[in-house]
Every structure is written in structure tokens, then in C-alpha cells.
Amino acid sequence: MATAPAATFTIGTLSQRGTSLPQSKPLGLRFNTPTHLKTFCGLKAMSSSVRCDSESSVFGNKTGAPLRASFASKAQKENQNFNYSLQPQASYKVAVLGAAGGIGQPLALLIKMSPLVSDLHLYDIANVKGVAADLSHCNTPSQVRDFTGASELGSCLKGVDVVVIPAGVPRKPGMTRDDLFNINAGIVRDLVAAAADNCPGAFIQIISNPVNSTVPIAAEVLKQKGVYDPKKLFGVTTLDVVRANTFVAQRKNLKLIDVDVPVVGGHAGITILPLLSKTRPSASFTDEEIQELTVRIQNAGTEVVEAKAGAGSATLSMAYAAARFVESSLRALDGDGDVYECSYVQSDLTDLPFFASRVKLGRKGVEALIPSDLQGLTDYEQKALEALKPELKASIEKGIAFAQKQAVAA
């Protein structure tokens with residue numbers, strides 16, 4: 001049987017040195033992987049021999065971007081040698097809460113493929129044992145364990161480095177993210193409280209919608225527990241960036257691997273603001289293109305919900321985007337000094353207490369907010385920024401009020 005060519009996967013983003021603001025770039029890696037993994041287009045797979053290659057990625061041919069990995073030595077990074085052998089060390093524990101759901105299952109698979117993960121803990125209220133058994137057969141380094149129900153939640157979270165929360169009910173046709181609030185708010189509250197008790201120093205990454213409200217809920221719970229570190233609480237808005245990059249590349253006929261569009265604000269409707277004027281590589285847009293692209297990016301979740309006709313929401317693309325953010329977080333924890341992602345975090349970039357923007361990630365979480373994205377906005381973007389603030393403010397206050405009311409009731 002002829003030997004199949006090595007598979008190429010993309011993970012996370014890398015920033016380009018020598019620019020005033022690092023540009024996020026997907027990282028192309030070539031691996032000697034088993035045949036059954038060679039069609040996978042997601043995170044990097046693990047093997048005994050890992051070779052960085054700038055030749056291609058799942059999105060195109062030559063990446064033209066400097067490759068670096070969190071487990072490469074400083075000298076290797078500086079030399080940007082694309083043909084060295086790496087020996088990744090799996091040393092981080094990740095917990096996925098809601099691992100049996102539509103987002104949780106593909107997300108767990110993608111995280112299982114990371115060479116940086118030593119332990120993958122999967123939690124849900126039911127049906128998670130089979131998911132764990134299935135994933136445990138994948139020949140990647142992490143050990144998979146399953147945890148079912150509230151009685152096992154604490155054990156799931158003990159000593160974990162990264163907690164990812166996709167738990168909750170999905171959107172259905174006609175539903176807004178706010179329609180999910182009453183159910184998902186309570187779920188996030190309880191899961192974050194357990195994380196505060198069992199892994200207070202972990203990165204906590206919220207996927208459960210409405211993110212504009214659930215992140216403030218999480219912050220209040222952590223404050224009540226006395227362990228709130230704003231640098232380690234994230235709303236995962238990476239999907240907005242993934243969509244923006246995809247739609248812009250398609251519209252402008254650009255090589256997708258090169259496209260980077262910062263998305264700021266929040267994670268629902270008009271609070272999602274793609275800054276098309278900040279697109280890299282630089283691209284020009286007509287007023288009509290700006291309007292159409294902005295609206296499509298804002299309503300992309302609804303596009304998927306309607307296309308699935310009641311059978312679910314944007315689970316696969318969300319899992320991909322969340323896995324990218326998890327991998328970026330792991331690289332930051334592992335000492336990579338050039339990790340940038342957009343995320344919804346506590347922020348002083350505007351007059352709102354929480355705001356999505358590009359951030360620099362490090363071992364202690366958010367090392368820096370990147371203010372330059374909000375400088376020199378076009379008139380359209382500036383007006384859109386002001387227009388989103390009242391809705392985002394209301395969502396934040398709704399989350400805070402919920403958490404504080406629950407604390408008083410308790």
C-alpha cells in the first residue's frame with residue numbers, strides 16, 4: 001500500500017514579530033500520524049516525531065508565517081527553524097463541563113489531540129461515560145476520565161489548569177441568546193462555584209450563552225468565593241473572529257491563512273463588532289460590503305440555527321473556535337510569549353466593565369489588553385461601537401443582578 005502524505009493541521013494563532021500589533025496567524029504543523037487521523041482538519045495531533053513545516057495548512061499552500069510552538073526552546077524560536085524535531089511535554093489538565101453535549105463532544109475530541117494536555121476530564125449530568133470511553137481510544141497523550149453528576153463535579157475539577165464550560169441548552173429557531181438566560185445562568189453559576197472551590201487558580205473559559213451575561217455572573221460568583229482573578233476569566237468569543245476571517249477571505253478572495261480581523265464588543269447581535277478597517281492584510285471595502293459583512297458576522301449564529309431547522313445550533317464551528325482558544329491558553333501557560341486572541345474579559349478599554357478585544361495571554365492569564373484596535377476607527381465603526389454599548393451594558397447588569405440576587409437568597 002502506498003504511503004499517504006503527512007497530514008497538516010492548524011491550531012490556534014501565532015503573532016508576527018516586528019509589527020506594532022502582532023497579527024494572529026494559524027499555525028501549520030505537519031505530523032506523522034495514523035491514517036485514521038489524516039483527514040482531520042483541526043488541532044495538532046501527537047506523535048513520537050513532530051515536524052514543523054511552513055509548506056502548507058488546511059487553508060492553503062505556503063503559510064508565509066513564522067512558526068513557533070510553546071514547547072520549542074527560546075533559541076529555536078529566535079532562529080525560526082522550520083525543520084526541527086520537537087518533543088512536546090503533555091503536562092496540563094483540562095476539564096470540559098458539559099462534555100456530552102453538541103459542543104462538548106467535538107470540543108473534547110479537539111482538546112484530546114493537543115500534545116500539551118496530560119489529563120482530560122469530562123463532566124456532564126448524563127451520558128458522559130460513553131463519550132470518555134470513545135475518546136480514550138484515541139492514541140494521543142492525554143488520559144481521559146469521566147465524571148457524572150454533581151457528586152463527582154468536585155473530583156473532576158481538582159487540580160485542573162483550564163476549565164471550559166459549554167454546558168447549557170442550545171439555541172433553537174426563533175430564540176435569542178437572552179432566551180437562554182434563565183436556564184444557562186443557573187448552570188454557569190453552579191459550575192463556576194465548584195471551580196472556585198476546587199481549582200481557584202484555573203483559567204475559566206465560558207462558552208455558555210448569553211456570554212455577555214454569563215461572564216459577569218461567573219465574576220460575581222468568584223468574588224463571593226473570594227478567589228476572583230479577572231486575568232483568568234474569559235468569555236470565548238473566538239468564533240466571531242473565525243467567522244469574520246472566513247467571510248472576509250471569501251468576499252475579498254484572500255488566502256484565508258493570512259486573514260486576521262479583530263472583533264470587539266460582546267458576543268450577541270449588534271454587540272459583535274468586526275473591525276474591518278483593521279483587517280490584515282489590509283483590504284478595502286465598499287460601504288455596501290462593510291454593511292453586509294458586519295450584519296452576516298453578527299447574525300452568523302442564527303444562520304446556522306435556521307439551516308439546522310431545529311436540530312441544533314453552531315456546535316461544530318463553536319467547538320473548533322473554543323479548541324483554538326484552549327490551545328492558545330495552553331501555549332501561554334507553557335511560556336509562549338507571543339499569544340494573542342480576542343476574548344470577552346474585564347476591561348477598562350471602554351466605560352463598560354466587560355468588553356471583548358484582543359488580549360495578550362501569558363502564564364497568569366491576561367497580560368495586556370490591546371487598545372490600538374480601538375484607535376483610528378472609521379465613522380461606521382465608531383457609531384457601531386457607541387450603538388452596541390447600551391445593549392451590552394444591560395446584559396452585563398442583568399448578569400450581575402442575577403448573581404447578587406442568588407447570593408442574597410442563599
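Along the sequence shown, residues are numbered consecutively beginning with 1.
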How far apart are the C-alpha atoms of Ser317 and Arg243, what are their side-chain angles, what is the distance that settles it, and do they pass the side-chain contact (heavy atoms from CB on, under 4.5 Å) test? CA-CA 9 Å; Ser317 54; Arg243 287 166 167 162; 4.3 Å; yes

Donor-acceptor contact below 3.5 Å, side chain Gln382 vs main chain Leu377: no

What's the spacing between Leu222 CG and Ile217 CD1 if we round to 0.5 Å? 12.0 Å

Under 6.0 Å from the CG atom of Asp197, do we count more than 12 heavy atoms belonging to anything else shown? yes

Which label fits Phe181 and Phe402: parallel for a plane angle under 30°, tilted from 30 to 60°, or perpendicular past 60°? perpendicular

Nearest heavy-atom approach of Leu349 to Leu374 is CB-CD1, 3.9 Å

Measure from the side-chain N and O atoms of Lys93 to the backbone N and O of Gly159, and report whether any donor-acceptor pair falls under 3.5 Å. no

Does any non-hydrogen side-chain atom of Leu273 lie less than 4.5 Å from one of Thr271? no

Flag side-chain contact, heavy atom, 4.5 Å: Arg280 against Val259: no

Please check if atom CD in Glu288 has more than 12 non-hydrogen atoms from other residues, nucleotides or ligands closer than 6.0 Å. no

So Val160 and Phe203, do their side chains get closer than 4.5 Å, heavy atoms only? no

Do Asn184 side-chain atoms and Ser208 backbone N/O form a donor-acceptor pair below 3.5 Å? no

State, without any angle test, whether Tyr228 and Glu220 hold a side-chain donor-acceptor pair at a distance under 3.5 Å. no

Return yes if a side-chain donor-acceptor contact under 3.5 Å exists between Thr279 and Asp260, otherwise no. no

Smallest separation among heavy atoms of Pro216 and Ile400, with atom names: CB-CG1, 3.9 Å

Under 3.5 Å, is there a donor-acceptor pair between the Tyr92 and Asp334 side chains? yes

Regarding Thr238 and Glu341, do their side chains bring together a donor and an acceptor under 3.5 Å, going by distance alone? no

Answer with yes or no whether the side chains of Gln143 and Ser118 bring together a donor and an acceptor at under 3.5 Å. no

Enclosure of Lys393 NZ (heavy-atom neighbours >12, cutoff 6.0 Å): no

Donor-acceptor pair, Asp134 side chain versus Gly130 backbone, under 3.5 Å? no

Side chain Thr148, main chain Ile125, donor-acceptor under 3.5 Å: no

Heavy-atom donor-acceptor pair, Asp336 side chain to Arg331 backbone, under 3.5 Å: no

Tell me whether Ser114 contacts the main-chain N or O of Leu110 through its side chain, where contact means a donor paired with an acceptor under 3.5 Å. no

4.5 Å side-chain heavy-atom contact, Phe234 and Tyr344: no

Interatomic distance, NZ@Lys364 vs CG@Asp229, rounded to 0.5 Å, equals 9.5 Å

If you apply the rule side-chain contact (heavy atoms from CB on, under 4.5 Å), what do you find for Val326 with Gln205, and how did you get there? CA-CA 8 Å; Val326 170; Gln205 304 177 352; 3.4 Å; yes

Could you give the distance from CG (Leu191) to CD1 (Ile165), rounded to the nearest 0.5 Å? 5.0 Å

Verify side-chain contact (heavy atoms from CB on, under 4.5 Å) between Asn209 and Thr214, making sure each step is shown before the conclusion. CA-CA 7 Å; Asn209 277 316; Thr214 53; over 6 Å; no

Should Ile207 and Leu107 count as side-chain neighbours, where that means a heavy-atom distance under 4.5 Å? yes

Write down the atom of Pro262, the atom of Cys342, and the distance for their closest heavy-atom approach. CA-SG, 4.1 Å

For Leu120, does its backbone N or O pair with a side-chain atom of Ser142 as donor and acceptor, under 3.5 Å? no

Does the pair Cys199 and Val163 meet the rule for a side-chain contact (heavy atoms from CB on, under 4.5 Å), with working shown? CA-CA 9 Å; Cys199 52; Val163 180; 3.7 Å; yes

If you define the side chain from C-beta out and look only at heavy atoms, does anything of Lys360 sit under 4.5 Å from Val366? no

Taking every non-hydrogen atom, the tightest pair across Asp124 and Gly101: OD2-N, 3.7 Å

Could you state the interatomic distance from CD1 (Ile297) to CG (Asp240), rounded to the nearest 0.5 Å? 8.5 Å

If I compare all heavy atoms of Ser277 with all of Glu381, which pair ends up nearest, and what's the gap? OG-OE1, 2.7 Å

Keeping Asn245 on the side-chain end and Val261 on the backbone end, is there a donor-acceptor pair under 3.5 Å? yes

Between Tyr320 and Met318, is any pair of side-chain heavy atoms under 4.5 Å apart? no

Audit row: Glu327, Arg324, salt bridge (charged side-chain N to carboxylate O under 4.0 Å, His left out) steps and yes/no: CA-CA 5 Å; Glu327 188 75 7; Arg324 162 178 155 168; over 6 Å; no

Hey, is Asp373 close enough to Arg358 for a salt bridge, meaning N to O under 4.0 Å? yes

Passes salt bridge (charged side-chain N to carboxylate O under 4.0 Å, His left out), Lys252 versus Glu289? Steps please. CA-CA 10 Å; Lys252 305 306 289 185; Glu289 286 176 325; 3.2 Å; yes

So, are Asp351 and Lys389 salt-bridged, with charged N and O less than 4.0 Å apart? yes

Do Lys398 and Ser213 get their side chains close enough for a donor-acceptor pair, meaning under 3.5 Å? no

Determine whether a donor-acceptor pair (N or O, by modelled atom type, separation under 3.5 Å) exists between the side chain of Gln298 and the backbone of Ala268. no

Are the side chains of Val264 and Ile272 in contact, using a 4.5 Å heavy-atom criterion? no

When every non-hydrogen atom of Ala95 is compared with those of Cys156, the smallest separation belongs to CB-SG, 4.1 Å

Could you state the interatomic distance from CZ (Phe147) to NZ (Lys129), rounded to the nearest 0.5 Å? 10.0 Å

Spacing of Asp146 atom CG and Asn127 atom CG [to the nearest 0.5 Å]: 11.5 Å

Set out, in order, the CA-CA distance, both residues' side-chain angles and the distance that settles salt bridge (charged side-chain N to carboxylate O under 4.0 Å, His left out) for Arg251 and Glu292, then state yes or no. CA-CA 10 Å; Arg251 187 64 174 260; Glu292 290 178 355; 2.7 Å; yes

